[in-house]
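What follows is one structure encoded as structure tokens, with my remarks underneath.
In this text, all values refer to a predicted model and were calculated from it rather than measured experimentally. Just so it is clear: chains get the letters A, B, ... in the order the sequence lines come, proteins before strands, and each one is counted from 1.
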Protein chains: 2
Amino acid sequence: MELPKYRKKAAVTSPTGTQAVDRAAQLLIEVARHRDPVTFTELITASGLAKSTTSRLLAALERNGLVRRDLTGRFSPGEVFVSYAWRGGAEADLVSVAQPVLAALGEETGETVNLGVARDGGLVEQIAQVDSKYLIGGTNWVGLRVPLHCAALGKALIAFGGAELPGGHLEQRTDRTVTSRAALADELTAVRERGYAVTVEELEPGLVAVAAPVFADGGIVIGALSVSGPASRLTTAVIPAAASNCMAAARSLSVLLGHDQPARGVQHAALAS
Amino acid sequence: MELPKYRKKAAVTSPTGTQAVDRAAQLLIEVARHRDPVTFTELITASGLAKSTTSRLLAALERNGLVRRDLTGRFSPGEVFVSYAWRGGAEADLVSVAQPVLAALGEETGETVNLGVARDGGLVEQIAQVDSKYLIGGTNWVGLRVPLHCAALGKALIAFGGAELPGGHLEQRTDRTVTSRAALADELTAVRERGYAVTVEELEPGLVAVAAPVFADGGIVIGALSVSGPASRLTTAVIPAAASNCMAAARSLSVLLGHDQPARGVQHAALAS
DNA sequence: TTGGTAGTTCCATACTACGGAACCTTGTTC
DNA sequence: GAACAAGGTTCCGTAGTATGGAACTACCAA
């Protein structure tokens, strides 16, 4: 009886002519995705590859600075990742990754759409925007920073752990701004239950907004997506619909960023069956 | 006359059994290294690969979320990078990338060695440390944040554009702290010329330190490396030697992070000759 | 010493990645 | 608006690179 030198695979593996690259990419993603260093054995089981193949591919990745092994032989993202992250290019890239999602949400709701991220000092900054289709709508808010507690974006961030409410006085922006920490805590609980945050004239009279959190790999909240408009259009009757669109968009963006994406690549998914 | 189907290469290409992965890694690094999106053609010339091969490899990288193409077809780092950068894992990874360099510098000088990065509010935080070999030396400073203007790490950061001096009053920590902006500006010019910063009892009486900047890809300053000790040991006579060691270590770390590294991978370097 | 675990190297094999050419798409020039 | 150019993708037969099993090394524990 002869043993086949190559195991025949049941599932068709990528007919794209890039098997090795796909496999290496999967290994790299597996390393980049985890918060803690990953062991060689974990990578073998995660990828389903042969020891020798995994060893060879990882050596190639390491040689190129894409992964790094610590003293115990475990793998972490390499210098290329570290260097990229420190360079600060990620914010610009986040904006461009998000742009299509914002555009779609703007199309659906017709209102001003913003992507916000937490900043030091209890602020949230809008880093991308799609303008309202109406004549009355938001001006350009990109670069604008507002307190977390009176913005929908800010509430969404705090509620899901993407920002922390600073100590001290909570500024009373309008007569509807929530400045009691107890009331705010109750509201944040509601935000977590609903999945979205609302502000009704708490930041500026006549301004209503809803916002939902955006997650990256590993469930970390990196920002929030908001829909804002005048109180005359965003009435209590239409807020739920806008919020629903907003949450769906936030979820899409999260998936784009690798959150809860079951199998990112092409091959090996079938092998698990 | 027959045309060879495969072009014979003069230089031996990676005898490691990972040609495709190495090539893909080079393309990925080329994309991650640049601040601005890179075009397909630029990648072809940079890699020296055939159009078809480049197209296939880039498609594989894109499919796996490692690169992304914008509307004009140019390439940026993909969601995997964006997600990694936002997760904040880069700081821990920087510490572990830097650890061997710090250890070597500590071995050479015998003094306390620190890696510092800029924080909001005109502060510098020490994120990694190697302790002095002497009984009198620095305590554990990891996590400690001090004003930029009176720390060697801070001066090195400001001088090379890695941090900005905040407006307002410059705190007088000791009677030797430089609090005049004009005097500080002069000193920063000297730092740029020398390549390293010095503080002599400007942060705490009896404490002397030298520091040199650490660069990442593209010349961005991401942190600084310092050597600190008591004024009794770090006298004006030995400061230049310590500074020289410190600068060499900072340069090593910069190279590790991809700064000015002529050819990171294995192949293609030979093709340029 | 023996056994076990973790990972690397070797090797013949055969399948995957190769590059040239054809082809497609988009934008530009008369 | 036809012809051209530039940028990029798909196709294809071929060859040489990636493959996985086995042998091997290194380290640790009992």
Scan [X] against the nucleic acid and name what it touches under 4.0 Å (heavy atoms): base, sugar-phosphate only, or nothing.
X: T54(A); answer: nothing
X: T53(A); answer: base
X: R74(B); answer: nothing

Is any side-chain N or O of [X] closer than 4.0 Å to OP1 or OP2 of [N]?
X: R23(B); N: dC18(C); result: yes
X: T41(B); N: dG8(D); result: yes
X: S55(B); N: dG8(D); result: no
X: S52(A); N: dG21(D); result: no

For [X] and [N], give me the distance from atom [atom1] to atom [atom2], rounded to whole Å.
X: D70(B); N: dG8(D); atom1: CG; atom2: C1'; value: 15 Å
X: Q19(B); N: dG16(D); atom1: CD; atom2: C1'; value: 9 Å
X: D22(A); N: dC15(C); atom1: CG; atom2: C1'; value: 15 Å
X: R56(A); N: dT9(C); atom1: CZ; atom2: P; value: 11 Å
X: F40(A); N: dT5(C); atom1: CZ; atom2: C1'; value: 12 Å
X: L57(A); N: dT9(C); atom1: CG; atom2: P; value: 14 Å
X: I44(B); N: dA6(D); atom1: CD1; atom2: P; value: 14 Å
X: L49(A); N: dG7(C); atom1: CG; atom2: P; value: 15 Å

Classify the ring geometry between F75(B) and F40(B) as parallel (under 30°), tilted (30 to 60°) or perpendicular (over 60°).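 Plane angle between 30° and 60°, so tilted.
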Among residues at least two apart in sequence or on other chains, which ones pass side chain to side chain donor-acceptor pair (under 3.5 Å) with [X]?
X: S96(A); result: R68(B)
X: E125(B); result: R119(B), R145(B)
X: R69(A); result: none

Not counting sequence neighbours, which residues clear side-chain contact (heavy atoms from CB on, under 4.5 Å) with D70(B)? List them please. P37(B), T72(B), R74(B)
Here's a test for you: under side chain to side chain contact (heavy atoms under 4.5 Å, CB included), which of V113(A), L102(A), V95(A), T112(A) qualifies with Q129(A)?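 Running side chain to side chain contact (heavy atoms under 4.5 Å, CB included) over V113(A), L102(A), V95(A), T112(A) with Q129(A) returns exactly one hit, T112(A).
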Look for any protein N or O under 3.5 Å of an N or O in nucleotides 24-28 of chain D and output each such pair with its distance, or none.
none

For R69(A) and for A20(A), locate the closest nucleotide of DNA chain C by heavy-atom distance; then report the residue assigned to the nucleotide nearer the 5' terminus.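 Between the two, 5'-proximity favours R69(A).
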Can you pull out every ring-ring contact (aromatic ring centres under 6.0 Å, His included) where at least one residue sits in residues 83-116 of chain B? Sequence neighbours excluded, please.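 Matches after skipping sequence neighbours: F81(A)-Y84(B).
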